[in-house]
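One structure below.
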Amino acid sequence: INHNDVQPGTVTNYQEVSEGAIEVTAEIQNETITPTKNFNSENNNNYTIVILNSTPPTIRIDVTDK
């Protein structure tokens, strides 16, 4: 799933993903580092991918029950 041109402070549409191993990669304009995060998705959870404005940029996965 690709989400392009997401502006800071905004969100994308909800996406359904299969249960199992997920890899998230964020290509950030004007950054040399491409943060990556791996997690295992489960059917009973919702996941929010958050790109943190840190040095270097990182990814956080927030989990909530469905």
Side-chain angles (χ1 to χ4, degrees):
I1 300 170
N2 255 346
H3 293 284
N4 298 316
D5 301 322
V6 179
Q7 297 301 311
T10 64
V11 298
T12 63
N13 295 332
Y14 171 82
Q15 297 289 318
E16 186 77 31
V17 295
S18 300
E19 185 174 44
I22 303 289
E23 180 180 68
V24 177
T25 303
E27 292 186 22
I28 303 169
Q29 186 176 8
N30 299 324
E31 282 289 341
T32 57
I33 294 176
T34 301
T36 301
K37 185 81 166 187
N38 295 297
F39 69 99
N40 287 311
S41 66
E42 298 176 358
N43 286 331
N44 295 326
N45 293 327
N46 288 320
Y47 301 90
T48 302
I49 312 304
V50 181
I51 301 169
L52 300 172
N53 185 16
S54 57
T55 304
T58 58
I59 296 174
R60 182 182 79 216
I61 310 297
D62 293 344
V63 182
T64 56
D65 292 335
K66 281 189 177 178

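For the numbers below, each heavy atom of this structure counts, side chains included, while hydrogens, waters and symmetry mates do not.
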Exercise. How many angstroms lie between atom OG1 of Thr12 and atom CG of Asp5, to the nearest 0.5 angstrom?
Worked result: 12.5 Å

Exercise. Roughly how far apart are Asn43 CG and Asn45 CG, rounded to 0.5 Å?
Worked result: 9.0 Å

Problem set entry | Verify same cluster id: Ile51, Ile33 (apolar side-chain graph, 4.5 Å) |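 Different clusters.
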
For this session: Kindly work out whether a path of hydrophobic side-chain contacts (I/L/V/M/F/W/Y, heavy atoms less than 4.5 Å apart) joins Val11 to Tyr14.
Result: no

Counting only heavy atoms not in [X], do more than 12 sit closer than 6.0 Å to its [atom1] atom?
X     : atom1 : result
Glu27 : CD    : no
Asn13 : CG    : no
Asn53 : CG    : no

Taking side chain as C-beta onward, heavy atoms only, is [X] less than 4.5 Å from [Y]?
X     : Y     : answer
Lys66 : Asn44 : no
Glu42 : Tyr47 : yes
Pro35 : Ile28 : yes

For this session: Can you see which heavy atom on Ser41 is nearest to which on Ser18, and at what distance?
Result: OG-O, 2.7 Å

Problem set entry | Short side-chain to backbone donor-acceptor contact, Lys37 and Arg60, under 3.5 Å | no

Problem set entry | Passing candidate, side chain to side chain contact (heavy atoms under 4.5 Å, CB included) with Val24, options Asn38, Thr36, Ile49 | Ile49

For this session: Give the C-alpha distance, both sets of side-chain angles, the deciding distance and a yes or no for side chain to side chain contact (heavy atoms under 4.5 Å, CB included) between Ile59 and Val50.
Result: CA-CA 6 Å; Ile59 296 174; Val50 181; over 6 Å; no

